[in-house]
Amino acid sequence: MPVTGPDFISIQVRDLEASAAFYQQHLGLTRSPAGPPHAVVFDTRPVAFAVRDLAPGVSLASTPQPGLGIGLWLHATDTQTIHDKLAAVGTEIVVEPFDGPFGRTFTFADPDGYQITLHDRA
């Protein structure tokens, strides 16, 4: 059987509740009732997205940019409004909004420094 594609994406974070609150408050994600105690799973489609406690032996302090080399893109319906709200609260905007093949697109750094790209064309 071949691999059919991504099924679950999670990122390890320093402070589970702070990161979960960031994604809920600023991106509008909703917690799913599913998930283990060491993670917050969000009700995203078609692939589940979660933040989780650091695995044993992992230290985000020892890396200049968590997830370096991995592109994490999330679809949103109004990226410009999300950008404006994130910028207003001081979130680092890594790439300013632009119109491209995936619609209105920009990249921000989350509380742990992961660079997340939002786009509005599915």
Side-chain angles (χ1 to χ4, degrees):
M1 293 264 162
V3 172
T4 59
D7 185 51
F8 189 87
I9 297 170
S10 69
I11 56 176
Q12 296 181 54
V13 298
R14 293 176 183 94
D15 183 330
L16 183 61
E17 284 306 316
S19 289
F22 174 85
Y23 282 95
Q24 286 180 274
Q25 293 170 4
H26 300 295
L27 273 63
L29 297 182
T30 303
R31 287 182 189 224
S32 168
H38 66 274
V40 173
V41 178
F42 297 103
D43 187 19
T44 57
R45 305 267 189 272
V47 176
F49 173 71
V51 292
R52 59 157 292 162
D53 286 331
L54 296 173
V58 173
S59 169
L60 295 183
S62 65
T63 181
Q65 180 190 331
L68 184 63
I70 295 174
L72 180 54
W73 288 52
L74 301 175
H75 178 261
T77 56
D78 188 352
T79 56
Q80 187 64 53
T81 297
I82 295 170
H83 165 272
D84 296 348
K85 288 179 180 179
L86 288 172
V89 297
T91 301
E92 178 186 358
I93 305 300
V94 178
V95 177
E96 290 293 332
F98 66 93
D99 294 314
F102 301 103
R104 192 77 172 154
T105 304
F106 78 97
T107 303
F108 66 91
D110 83 350
D112 287 287
Y114 289 100
Q115 293 187 5
I116 310 293
T117 299
L118 295 185
H119 68 98
D120 64 8
R121 185 176 300 150

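Scope of the values below: all heavy atoms of this structure, side chains included, with no hydrogens, waters or symmetry mates.
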- Query: Is Glu17 salt-bridged to Arg31, going by a charged N under 4.0 Å from an acidic O?
  - Reply: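 Yes, Glu17 and Arg31 are salt-bridged.
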- Is the closest side-chain donor-acceptor distance between Thr77 and Asp120 under 3.5 Å? no
- Compute whether any side-chain donor of one residue and acceptor of the other, for Arg52 and Gln12, lie under 3.5 angstrom apart. no
- Sorted by first residue and then second, give each side-chain hydrogen bond (donor to acceptor under 3.5 Å, both in side chains) pair with at least one member in residues 35-49; sequence neighbours left out.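 Passing the test, one end in residues 35-49: Asp43-Arg45.
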- Check step by step if side chain to side chain contact (heavy atoms under 4.5 Å, CB included) holds for Gln24 and Phe42. CA-CA 9 Å; Gln24 286 180 274; Phe42 297 103; 3.8 Å; yes
- When you measure from the side chain of Arg121 to the backbone N and O of Pro101, does any donor-acceptor pair fall under 3.5 Å? yes
- Is Arg14 reaching over with its side chain to a backbone N or O of Leu60, donor-acceptor style, under 3.5 angstrom? yes
- Query: What distance do Ile82 atom CD1 and Leu27 atom CG have between them, rounded to the nearest 0.5 Å?
  - Reply: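 Between atom CD1 of Ile82 and atom CG of Leu27 there are 5.5 Å.
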- Task: Classify the angle between the aromatic ring planes of Trp73 and His119 as parallel (below 30°), tilted (30 to 60°) or perpendicular (above 60°).
- Result: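 Plane angle between 30° and 60°, so tilted.
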- Query: Relative to each other, are the rings of Phe108 and Tyr23 parallel, tilted or perpendicular (30° and 60° limits)?
  - Reply: tilted
- Item | Same cluster (ILVMFWY, side-chain, under 4.5 Å), Ile9 and Ile116 | yes
- Taking every heavy atom of Val13 against every heavy atom of Leu54, the minimum-distance pair comes out as O-CG, 3.5 Å
- Query: What do you reckon, is CG of Asp7 surrounded by more than 12 foreign heavy atoms closer than 6.0 Å?
  - Reply: no
- Sole candidate of Thr91, Ile11, Leu72, Val51 that passes side-chain contact (heavy atoms from CB on, under 4.5 Å) when paired with Asp110: Ile11
